[in-house]
Amino acid sequence: MNAVVFKKPFEVSYEQVPRPTNPQKGEAIVRVMACGLCGSDLHPFRGAEQGLRPDTVCGHEFAGIVEEVGEDVVLKPGQRVAASFTTACGSCWFCSHGLSSRCDTVQLFGWIGQDGNGIHGGQAQFVRVPHADGTLMVLSDDISYDEGVLLGDIFSTGYFCAKNALSALSDSRMDPKDMTVAVVGCGPVGLCAIASARQLGFGTVYAIDRAQSRLDLAKRLGAISIAPGDSPIDTACAATVTKSGRGIDAALEVVGAYDALDLCFKLVRPGGVVSSVGVHAHDKGFPVSPEQCYDKNITFRSGRCPARSLMPELCQILKDSGIVQIISHHVPLSRASEMYRKFESQAPGVFKVVFDPWA
């Protein structure tokens with residue numbers, strides 16, 4: 001089959017690799033109809049996250065059709081499905097309590113370590129899915145493969161980030177429409193966080209990024225953009241203090257960088273929330289001390305999104321949000337090397353890339 005494989009930092013390759021066959025107990029093989037390029041794919045691509053074995057099939061965002069199933073699998077061949085970016089058994093304590101990202105047997109698609117442990121990813125024509133019934137969600141006819149790709153990771157993660165902030169503010173006795181949130185980083189996950197914050201009822205959403213093209217899209221999703229070169233602290237904080245007398249209620253960090261997280265702690269008001277879903281794979285520490293958090297009564301929430309736990313409730317929210325407009329490129333899988341480079345360099349107009357493995 002055709003697939004994209006990791007070779008070394010700053011090099012992926014479109015190659016023919018063995019097709020997965022003979023699904024074992026609990027497994028399914030999915031014919032991939034659409035797969036995404038995620039910001040998290042850039043961590044090993046840049047060499048910031050090390051330990052990925054060369055020739056591992058890349059990617060953890062995919063949707064498609066069940067091709068074959070192993071013993072004890074309820075799913076049937078021919079069903080349209082989307083995968084969460086991590087596997088989920090569906091029956092352990094964590095899966096049963098809404099935290100599928102910490103499943104007892106969790107694995108990340110597209111990660112095989114140097115010791116050989118792990119599973120291949122979804123940037124391919126077929127993918128083997130462990131714990132198929134827990135990992136895959138059947139798509140209704142009105143959910144496209146593109147939407148399935150978004151549900152399996154970035155939309156769920158953006159929603160998780162915004163929802164964590166809202167739930168942490170529940171004791172404030174505020175109506176969400178009176179709350180102000182700042183989203184730091186307007187890549188695909190940041191844009192999903194903006195759309196989710198609007199769907200959750202946040203009254204004012206600020207978008208902070210260095211790229212004007214991303215800010216333009218954030219504005220179309222309902223955010224107030226802070227132009228590159230302007231001070232986010234001076235602009236957003238001054239505006240909210242003038243309006244409400246208190247400042248920003250929640251800051252959402254979706255970049256995975258020290259400076260972004262540091263900015264969030266500077267932006268948020270006393271008693272506010274910093275919600276972080278950025279993967280800090282190459283970071284230099286934590287920007288604030290416990291004493292500083294204490295002195296501002298800050299709540300900090302973080303962690304990997306339990307996408308499979310959230311996916312069923314997000315189908316309609318995704319449709320209502322208009323987030324599909326962030327998909328800027330539908331391209332054949334054979335163009336993966338080119339698109340990795342463009343996405344990594346934040347080329348103008350490159351927001352979300354979806355690959356067609358069969359084009």
Discussion item. Applying side-chain contact (heavy atoms from CB on, under 4.5 Å) to S13 and V4, what does each step give before you reach the verdict?
Written reply: CA-CA 5 Å; S13 178; V4 178; over 6 Å; no

Item to complete: Decide yes or no on salt bridge (charged side-chain N to carboxylate O under 4.0 Å, His left out) for D216 and R220, but give the supporting numbers first.
Response: CA-CA 7 Å; D216 291 342; R220 295 207 299 270; over 6 Å; no

Item to complete: Mind running side-chain contact (heavy atoms from CB on, under 4.5 Å) on I208 and L267 for me, showing each step along the way?
Response: CA-CA 11 Å; I208 300 170; L267 284 169; 3.7 Å; yes

Discussion item. Pair Y258, H280 - check side-chain contact (heavy atoms from CB on, under 4.5 Å), show working.
Written reply: CA-CA 8 Å; Y258 178 95; H280 292 256; 5.7 Å; no

Fill in: CA sep, side-chain torsions, deciding dist, call: F10, E344, side-chain contact (heavy atoms from CB on, under 4.5 Å)
CA-CA 9 Å; F10 294 98; E344 192 278 331; 4.1 Å; yes

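Atoms SG and CD1, from C293 and I298 in turn, are 5.5 Å apart once rounded to the nearest 0.5 Å. Separating the CG atom in L150 from the CG atom in L314 is a distance of 11.5 Å, to the nearest 0.5 Å. A distance of 8.0 Å separates CD1 of I154 from CG of L191, quoted to the nearest 0.5 Å. Of the inter-residue distances, the one linking C95 atom SG with H131 atom NE2 reads 8.5 Å to the nearest 0.5 angstrom. Atoms CE and CG, from M339 and D41 in turn, are 13.0 Å apart once rounded to the nearest 0.5 Å. Once rounded to the nearest 0.5 Å, the distance linking OG1 of T56 with NE2 of H120 reads 6.0 Å.
Applying the side chain to side chain donor-acceptor pair (under 3.5 Å) test to pairs two or more places apart or on separate chains, none has a residue in residues 184-203. Pairs of residues two or more places apart, or lying in two chains, that qualify as ring pair (Phe, Tyr, Trp, His ring centres under 6.0 Å) and include a residue from residues 289-327 are F265-F300, F286-F300. For residues 157-167, the set of pairs meeting the side chain to side chain donor-acceptor pair (under 3.5 Å) definition, not counting sequence neighbours, comprises D153-T157, S167-R301. Sorted by first and then second residue, the side chain to side chain donor-acceptor pair (under 3.5 Å) pairs involving residues 270-279 (not counting sequence neighbours) are E253-S276.
Both V57 and M33 are part of a single hydrophobic cluster, where members link through side-chain heavy atoms under 4.5 Å apart. V106 and L99 are assigned to two separate hydrophobic clusters, defined by single-linkage of ILVMFWY side chains at heavy-atom distances under 4.5 Å. Both L318 and L310 are members of a single hydrophobic cluster when ILVMFWY side chains are connected at heavy-atom separations under 4.5 Å. Under the 4.5 Å side-chain heavy-atom criterion for grouping Ile, Leu, Val, Met, Phe, Trp and Tyr, V149 is not connected to I327 through any hydrophobic cluster. In this structure, L333 is a member of the same hydrophobic cluster as L37, with clusters built from ILVMFWY side-chain heavy atoms closer than 4.5 Å.
Side-chain atoms of T86 do not come within 3.5 Å of backbone N or O of Q107 as any donor-acceptor pair. Side chain of Q292 to main chain of S289: a donor-acceptor pair is present (N/O by atom type, distance under 3.5 Å, no hydrogens or angles). Side chain of R308 to backbone of T87: no donor-acceptor contact under 3.5 angstrom is found. When atom types are taken as modelled, the side chain of R80 and the backbone of I143 share a donor-acceptor pair closer than 3.5 angstrom. Judged by distance alone, with hydrogens and angles left aside, the side-chain atoms of S100 form no donor-acceptor pair with the main-chain N or O of A88 at under 3.5 Å.
The two residues M179 and S172 have their closest heavy-atom pair at CE-OG, 4.0 Å. In terms of heavy-atom proximity, I326 sits nearest to P188 at CD1-O, 4.0 Å. The minimum heavy-atom distance between G303 and V277, with the atom names listed, is O-CG1, 4.0 Å. The minimum heavy-atom distance linking D209 with G187 is given by the pair OD2-N, 4.1 Å. Scanning both residues, L221 and S321, for their nearest heavy atoms gives CD2-O, 4.1 Å. Taking both residues in full, the closest heavy atoms of P9 and R46 are given as CB-C, 4.4 Å, listed atom of the first, atom of the second, then distance.
Scanning for salt bridge (charged side-chain N to carboxylate O under 4.0 Å, His left out) contacts around R102 gives an empty result, with sequence neighbours left out. Taking Y145 as the reference, nothing meets the ring-ring contact (aromatic ring centres under 6.0 Å, His included) condition, with sequence neighbours excluded. In terms of the side chain to side chain contact (heavy atoms under 4.5 Å, CB included) criterion, K219 has no residue partners (sequence neighbours excluded). Scored by the ring-ring contact (aromatic ring centres under 6.0 Å, His included) test, Y340 finds F45 as partners (sequence neighbours excluded). The ring-ring contact (aromatic ring centres under 6.0 Å, His included) search around H97 returns W93, not counting sequence neighbours. Listed by chain and residue number, W358 satisfy the ring-ring contact (aromatic ring centres under 6.0 Å, His included) test with F126 (two or more places apart in sequence, or in another chain).
Of the N and O atoms on the side chains of N2 and E15, not one donor lies less than 3.5 Å from an acceptor on the other residue. Using a 3.5 Å distance cut-off with no hydrogens or angles, the side chains of S337 and R341 do pair a donor with an acceptor. Side-chain contact check for D146 and S144: no donor-acceptor pair (N or O, by modelled atom type) lies under 3.5 Å.
Through direct or indirect side-chain contacts shorter than 4.5 Å among Ile, Leu, Val, Met, Phe, Trp and Tyr, V73 is connected to V30, V32, F62, V66, V69, L75, V81, F109, I119, V127, V129, L136, V138. Here W111 sits in one hydrophobic cluster together with F6, L52, F85, L108; the rule is ILVMFWY side chains under 4.5 Å apart, joined directly or through other members.
Open room surrounds CD on E291; 12 or fewer heavy atoms of other groups in view lie less than 6.0 Å from it. Environment of NZ in K7: crowded, with over 12 heavy atoms of neighbouring residues, nucleotides or ligands closer than 6.0 Å.
Counting heavy atoms from C-beta outward, P270 and N297 have side chains that stay 4.5 Å or more apart. No side-chain heavy atom of F202 sits less than 4.5 Å from a side-chain heavy atom of K177. For the pair V181 and L252, the minimum side-chain heavy-atom distance is below 4.5 Å. By the 4.5 Å heavy-atom criterion applied to side chains, V331 and D356 are not counted as neighbours. With a 4.5 Å cut-off on side-chain heavy atoms, E68 and P77 do not count as touching. Residues M174 and D249 have side chains in contact (heavy-atom distance under 4.5 Å, counting atoms from C-beta outward). For the pair K352/E61, a side-chain contact is recorded, criterion being any heavy-atom separation below 4.5 Å from C-beta on. S84 has its side chain within reach of M311: a pair of non-hydrogen atoms, C-beta onward, lies under 4.5 Å apart.
Of the charged side-chain nitrogens involved, none lies within less than 4.0 Å of a carboxylate oxygen, so that R128 and E67 do not count as a salt-bridged pair.
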